[in-house]
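Written below as structure tokens is the structure these notes are about.
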Amino acid sequence: MRSDIIFDERFQKTQWAADFNHGVGLGLSTALIFNPVSDLSPVGDLANKTIDAWAYESNKEHVAEANLTATTENAKTYDAGQHDVEHMVRAWANSRGHDIDSDYTQFFVHAGQDQYDFGRNHTLDTLRSDR
């Protein structure tokens with residue numbers, strides 16, 4: 001569930017960047033269209049194209065930044081979950097008289113981590129259409 005929240009935050013950041021860049025570009029472009037001097041028309045066209053290029057590049061930077069942040073946070077939650085499974089299984093095995101590094105314990109650690117991975121990925125596949 002935490003990963004779904006992280007990806008929702010990523011979507012909101014990228015959508016905000018796209019909307020902001022579109023608004024800035026549209027506002028400046030509209031202002032340049034209403035040019036009282038017809039001789040400056042080529043300058044207005046060049047300025048419009050420059051603004052469009054800036055908005056496009058700016059949006060790409062914001063999307064890349066949001067993706068990096070989401071990926072980093074998602075990896076942290078995944079690692080934390082895998083470590084939690086390991087600690088729970090080792091504590092369970094120790095409470096039953098097994099060594100925490102025995103083959104028996106390691107088998108259940110890996111099985112638990114596999115199930116954690118499966119459940120997490122299945123949940124993300126269900127919740128995230130863009131995954």
Side-chain angles (χ1 to χ4, degrees):
M1 296 306 275
R2 178 66 185 133
S3 293
D4 186 50
I5 293 168
I6 289 168
F7 289 126
D8 283 345
E9 290 170 354
R10 175 190 67 183
F11 175 76
Q12 290 170 355
K13 288 177 184 177
T14 58
Q15 189 61 47
W16 180 90
D19 292 345
F20 176 80
N21 290 335
H22 178 71
V24 168
L26 187 63
L28 292 174
S29 296
T30 302
L32 291 171
I33 288 172
F34 296 107
N35 187 346
V37 180
S38 62
D39 294 340
L40 294 178
S41 183
V43 174
D45 288 343
L46 178 63
N48 275 335
K49 295 200 182 342
T50 303
I51 291 167
D52 286 344
W54 168 82
Y56 176 74
E57 290 300 320
S58 176
N59 192 48
K60 282 190 346 185
E61 289 175 13
H62 284 100
V63 168
E65 180 182 323
N67 283 335
L68 179 63
T69 301
T71 301
T72 302
E73 290 300 314
N74 188 39
K76 286 179 186 176
T77 63
Y78 179 81
D79 288 344
Q82 290 287 41
H83 289 298
D84 288 346
V85 168
E86 179 181 1
H87 293 304
M88 287 189 301
V89 172
R90 285 182 172 201
W92 170 82
N94 191 39
S95 72
R96 308 259 181 315
H98 300 282
D99 183 49
I100 62 171
D101 291 322
S102 70
D103 289 340
Y104 177 84
T105 303
Q106 289 303 313
F107 172 81
F108 285 105
V109 166
H110 294 301
Q113 288 175 333
D114 285 346
Q115 288 302 308
Y116 171 82
D117 184 63
F118 173 79
R120 185 176 185 275
N121 285 329
H122 183 69
T123 301
L124 281 173
D125 287 341
T126 301
L127 295 174
R128 306 292 318 164
S129 62
D130 62 345
R131 186 161 187 257

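These values consider heavy atoms only, across backbone and side chains, with no hydrogens, waters or symmetry-generated copies. The structure displayed is predicted, hence computed values, not measured ones.
Checked by atom type and distance alone, the side chain of N59 pairs as donor or acceptor with a backbone atom of A18 at under 3.5 Å. Listed for the N121 side chain is a donor-acceptor partner under 3.5 Å among the backbone atoms of D117. With S58 contributing its side chain and W54 its backbone, the two residues share no donor-acceptor pair below 3.5 Å. No donor-acceptor distance shorter than 3.5 angstrom exists from the side chain of T14 to the backbone of V63, with no hydrogens or angles considered. Between the side chain of E86 and the backbone N or O of V109, no donor-acceptor pair lies under 3.5 Å. A donor-acceptor distance shorter than 3.5 angstrom exists from the side chain of T123 to the backbone of G119, with no hydrogens or angles considered. Judged purely by atom type and a 3.5 angstrom limit, S95 uses its side chain to pair as donor or acceptor with the backbone of W92.
Distance check: Q113 CD to Q106 CD gives 8.5 Å after rounding to the nearest 0.5 Å. If you take CD on Q82 and NE2 on H110, they are separated by 10.5 Å, rounding to the nearest 0.5 Å. Distance check: K76 NZ to T71 OG1 gives 12.0 Å after rounding to the nearest 0.5 Å. Taking CD1 of I100 as the reference point, atom OG1 of T105 lies at 8.0 Å (rounded to 0.5 Å).
Within a 6.0 Å radius of CG in D103, other residues, nucleotides and ligands contribute 12 heavy atoms or fewer.
A chain of hydrophobic side-chain contacts below 4.5 Å, direct or via other Ile, Leu, Val, Met, Phe, Trp or Tyr residues, connects F107 to V85.
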_Working note: M88 + H83, criterion side chain to side chain contact (heavy atoms under 4.5 Å, CB included); need CA distance, chi angles, decisive distance, verdict._
CA-CA 9 Å; M88 287 189 301; H83 289 298; over 6 Å; no

- Task: With side chain to side chain contact (heavy atoms under 4.5 Å, CB included) as the test, would you mind laying out the steps for D101 and R90 before giving the verdict?
- Result: CA-CA 8 Å; D101 291 322; R90 285 182 172 201; 3.2 Å; yes

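Ring orientation note: the planes of Y104 and F108 are nearly perpendicular, at an angle over 60° on the 30°/60° scale.
The shortest side-chain heavy-atom distance between K60 and Y56 falls under the 4.5 Å cut-off. Residues N74 and T77 are in side-chain contact: their nearest non-hydrogen atoms beyond the backbone lie under 4.5 Å apart. The closest side-chain heavy-atom distance from E9 to T69 is not below 4.5 Å.
Of all heavy-atom pairs between A66 and R10, the closest is O-CG, 3.7 Å.
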